[in-house]
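Chain naming here is simple, since letters A, B, ... match the order of the sequence lines and numbering starts at 1 in each. Every heavy atom of this structure was used, including side-chain atoms; hydrogens, water molecules and symmetry mates were not.
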There are 2 protein chains.
Amino acid sequence: MHLANPTKQTAVTTADKVFEQMQHAIVEGEIPSGSKISEPELAKRYQISRSTLREALNRLEKCHLIERKANVGSRVVDCTIEGLLELYITREALEGMACRQAAKNMSDEEIVDMKAMLKLHGQTQELKDGTAYYQEEGDLDFHYKIILGSHNRQLIDLICGQLYHLVRMYRCQFGMNSPRASRAFNEHSQIIQAICDRDGELAEMLMRRHIAASRKNIENKIAQQAL
Amino acid sequence: MHLANPTKQTAVTTADKVFEQMQHAIVEGEIPSGSKISEPELAKRYQISRSTLREALNRLEKCHLIERKANVGSRVVDCTIEGLLELYITREALEGMACRQAAKNMSDEEIVDMKAMLKLHGQTQELKDGTAYYQEEGDLDFHYKIILGSHNRQLIDLICGQLYHLVRMYRCQFGMNSPRASRAFNEHSQIIQAICDRDGELAEMLMRRHIAASRKNIENKIAQQAL
DNA sequence: CCGACAGAAATTGTCGACAAATATAAATTA
DNA sequence: TAATTTATATTTGTCGACAATTTCTGTCGG
């Protein structure tokens with residue numbers, strides 16, 4: 001299993017473990033989007049008390065996977081088109097800035113590391129052309145590396161700790177298997193070049209275009225489906 | 001008291017109330033930055049059980065006012081220069097985008113409402129020139145209005161629900177009483193004009209400069225203090 | 001005197017039960 | 001029958017106690 005959250009170490013407490021299980025279950029739609037969450041039922045299913053379940057629910061709420069209302073209960077967030085587009089707008093802002101900061105703050109080792117990863121992605125892409133899964137994972141790894149390279153804890157926590165769980169959820173539930181793999185690969189190359197040149201302004205611009213292109217790609221797909 | 005969080009309705013459960021009290025206490029430094037939080041002690045102080053205290057702590061963690069480590073405990077986040085600058089970088093990205101979206105999505109009524117507010121701020125500034133407090137509150141109100149005007153729940157929640165508590169905390173603890181009031185007022189006017197013209201690109205650019213200027217102002221102050 | 005180790009104290013994590021609030025079902029009335 | 005009210009049942013919020021882990025304290029050996 002690839003790392004879902006590169007900032008946190010492995011879970012120790014049982015609430016952490018249940019949180020991770022539920023996170024996967026929600027992201028992959030096993031617990032359906034929009035459904036109500038029954039505390040007694042889930043506590044029984046995971047063999048834990050309601051207290052620790054509520055602890056897990058709090059963490060799920062932190063990454064916006066569920067929503068709670070006082071004296072009413074929790075619901076899994078429902079995946080809407082508007083929500084997806086809003087998410088991409090936010091990503092564009094945050095990851096654009098993270099990319100600018102990465103160009104400024106990444107160490108030389110981090111940069112060569114990132115280049116190596118890109119090279120690897122190019123090879124696997126040649127081999128497994130068509131099956132987009134590896135590119136899918138690779139895309140997330142690429143973005144993670146840049147975000148971490150910003151060396152800005154605020155950005156890192158917001159994007160990796162919160163937004164990206166939602167991103168993965170939408171990708172799963174809408175079956176978005178990165179259809180623009182080769183194009184994305186070229187865009188990734190350009191971005192890394194800009195970071196390599198320490199050109200923060202260009203790096204931010206390219207990253208924003210990269211994400212905006214992804215968003216527009218989705219919008220087109222939606223428009224197509226509506227026919 | 002002015003509204004700390006315009007998105008949430010008034011607190012109903014006791015955990016909510018304790019959360020709000022602790023939030024104020026932390027923002028204003030009554031519970032010192034960087035200090036460890038003793039669950040038994042605070043539970044006794046607020047006359048509640050540890051369970052509801054922990055519920056309140058979870059909400060404090062959600063807005064990044066405290067940090068928790070498993071089996072160790074919670075600490076109030078400590079205000080460092082680096083943290084402050086990182087926060088402003090993040091604000092620049094998020095509020096810049098929010099401003100762009102506001103230019104696109106704000107209703108005409110919202111715009112005239114915002115204009116009226118600006119006019120009011122100009123008057124109070126004339127009257128109370130020098131005492132920056134009203135401008136301080138006004139500044140936050142201005143930013144809130146634009147963020148809400150983005151009509152993007154993701155942005156609204158991230159900025160208003162999380163970042164701004166930290167912003168207020170830093171303002172309190174570092175005693176930043178908005179020393180650039182008149183200049184900020186002019187910048188606000190320009191931004192509103194751009195929104196009025198539905199020029200999202202310019203609006204984002206101006207907002208980013210506005211926040212970047214504020215950040216640089218802080219950097220200069222710090223450099224001055226270091227002498 | 002310093003560091004490693006063992007035991008004691010305190011703190012956090014987890015549990016089951018009760019109180020308060022909400023949602024559901026039944027009953028009454030127009 | 002439809003709407004409103006009442007009663008029931010379920011769910012959430014809160015509490016105090018126990019278990020597991022960490023931190024502190026004091027002792028011993030080098």
Taking side-chain hydrogen bond (donor to acceptor under 3.5 Å, both in side chains) as the definition, give me every residue that meets it alongside [X], ordered by chain and number, with sequence neighbours left out.
X: B:N220; value: none
X: A:E39; value: A:R50, A:R54
X: B:Q101; value: none
X: A:E204; value: A:R100, B:R208

* To do: Using the salt bridge (Lys or Arg N to Asp or Glu O under 4.0 Å) rule, collect all pairs that involve residues 145-154 of chain A, keeping only residues at least two apart or in two chains.
  =>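 Found A:D113-A:K145, A:R153-B:E86.
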
* Check each residue of residues 47-56 of chain A for a non-hydrogen atom within less than 4.0 Å of any atom in DNA chain D, then write out the ones that pass by number, or none. => A:R50, A:R54

* For B:R45, salt bridge (Lys or Arg N to Asp or Glu O under 4.0 Å) partners two or more places apart -> B:E41

* After noting the C-alpha distance and the side-chain angles of A:I89 and A:R215, does the key distance pass the side-chain contact (heavy atoms from CB on, under 4.5 Å) rule? -> CA-CA 8 Å; A:I89 295 283; A:R215 188 185 77 237; 3.6 Å; yes

Tell me every residue that passes ring-ring contact (aromatic ring centres under 6.0 Å, His included) with [X], counting only those two or more places apart in sequence or in another chain.
X: A:Y46; value: none
X: A:Y170; value: A:F174
X: B:F142; value: B:H188

* **B:L57 CG - C:dT11 C1' separation (whole Å)** =>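 The answer, rounded to whole Å, is 13 Å.
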
* Structure fact -> Contact span of DNA chain D against chain B, any nucleotide atom under 4.0 Å from a heavy atom, 5' to 3', runs D:dG13 to D:dT23

Could you go through nucleotides 19-25 of chain C and list every protein N or O atom that sits under 3.5 Å from one of its N or O atoms, giving the distance for each pair?
none

